[in-house]
Amino acid sequence: MAKPLIQAVPPSLFDALKPQAQDPLLALMAEFRTDKREGKIDLGVGMYRDASGITPVMRAVKAAERILFETQTTKGYMGPEGDAVFVDLLKPIVFGDIFAKNDRVVGLQAPGGTGALRLGAELIAAVSPRAKVWLGEPTWPNHRPLLNAARLAVEGFKHFDRAAQTLLFDETMGALTKAAPGDVVLLQACCHNPTGADYTMDQWRAIAETLAARGLVPFFDFAYQGLGDGLDADAAGMRLVLDHVDEALVGYASDKNFGVYRERVGALYVVAGNARAANAAYTQALALARANWSMPSDHGAAAVRLVLQSPELRRDWSAELDTMRARVLANRARLAALNPRLSAVTRQRGMFSQLDVTPETVTQLKDTHGIYMVGSGRINVAGFRDDGEVVRFAEALASAG
Ligand code: LMR
């Protein structure tokens, strides 16, 4: 008689797992939500907030959603490229009218700026697994995990002197000199997260020339266009670089400048040396998208597309974006006027500044005043709902020592 088979008991997949700590920024969001105190101020996650304290759906986007609701006849599948018209209409905004027509530039929709960056990182890892990515720090805390998840090696360099509140340009140039040909340099196109410290045009020129001379590939994270100095001004440094180099990637987010955060609207653009290579990169990116999310979700990109297709909605979007930017700049000016310790924030741009405060001060501001900011000292300058909140913050900071 045959012996009964002894079934091997497979080791448990999850029993030995330890819980993973929550992302600190997302944890802060949750903590703020459950704080019952009147007058709490959220300067944590990077979202624009209006005078009533909400992150509004922009007028033009709301109008586009109404049109979508009325006219959309199907929810049938698109494809891994997403909404190709959205990607095309965005192109001149990102690259300028002339460069956008260049057949070396291809793009596809991605789930938010994060999805675009992840897709770009995977494309780099697929074609050049040994390429190192150089990353100025401090940076958005998700950059390293995202690049590592795509199995790319990351080498950091210092971007910012927090005590002096200045950008460390020599460190950038030092990194570009050390990087090996074929390495990738992740650059934030504008409104640096978390410091607000952007390169000047002269610095962008030096970066462009060095990238070109050393055969390095820029990978732009472009998430805040229009929230610094204006749509074209915020793209100027990146466009200058693109005039110098053959190859580049751009991870673009429409989430902030169209206020469609939770819809996750972004695009990955690839600039290649010629149209044939661009097309090959496009097909590779499509295959990676297919393996990741198959197809990006449609709604937000369709709404943005409708805004960009209508001259009237486009004008209104641009006007509302101007108002948002003006508010951010006004908050910066007000903060600097109220507290000399905050004078540098007028030199910085976009939603964020990273203040020279200790983690103890950050905790004290939260516990004593209900003011939430990131542990690194980052504040979201677009998070104040009104002037009163700006004043309360400046005073609380002064009293915290
Ligand atoms: C932020 O830095 O606050 C935003 O980019 C939100 C996020 O996903 O981290």
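Both counts, for ligands and for their atoms, begin at 1 and track the order of listing. All values below were derived from every heavy atom in this structure, side-chain atoms included, with hydrogens, water molecules and symmetry-related copies excluded.
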What distance separates Asn279 CG from Gln284 CD, expressed to the nearest 0.5 Å?
10.5 Å
Salt-bridged, Arg349 to Asp229, with N to O below 4.0 Å?
yes
Gly44-ligand 1 polar pair, N/O distance under 3.5 Å
no
Which segment of Lys256 sits under 4.0 Å of ligand 1 when only heavy atoms are counted
side chain
For a salt bridge (charged side-chain N to carboxylate O under 4.0 Å, His left out) check, start with the C-alpha distance between Lys132 and Asp183, then their side-chain angles and the critical distance, and finish with the verdict.
CA-CA 5 Å; Lys132 200 181 261 182; Asp183 275 358; 5.6 Å; no
Tyr224 neighbourhood, listing ligand 1 atoms whose heavy-atom distance to it stays under 4.0 Å
5 (O)
Check the orientation of Trp204 and Phe220. Use parallel for under 30°, tilted for 30 to 60°, and perpendicular for over 60°.
tilted
Euclidean distance, Thr172 OG1 relative to Leu187 CG, rounded to 0.5 Å
8.0 Å
At less than 4.0 angstrom from any non-hydrogen atom of Val45, what atoms of ligand 1 do you find?
3 (O), 6 (C)
Report yes or no: does Asn193 have a heavy atom closer than 4.0 Å to ligand 1?
yes
Under 4.0 angstrom from ligand 1, any heavy atom of Arg378?
yes
Between Phe352 and Tyr224, ring centroids under 6.0 Å
yes
Close approach of Met47 to ligand 1, heavy atoms, under 4.0 angstrom:
no
Just which atoms of ligand 1 are under 4.0 Å from any heavy atom in Gly46?
1 (C), 3 (O)
To the nearest 0.5 Å, what is the distance between CG (Asp161) and OG1 (Thr166)?
4.5 Å
Shortest protein contact, atom 7 (C) of ligand 1 (heavy atom only):
Trp140 NE1, 3.6 Å
Heavy atoms only, cut-off 4.0 Å: how does Thr114 contact ligand 1, side chain, backbone, both, or neither?
neither
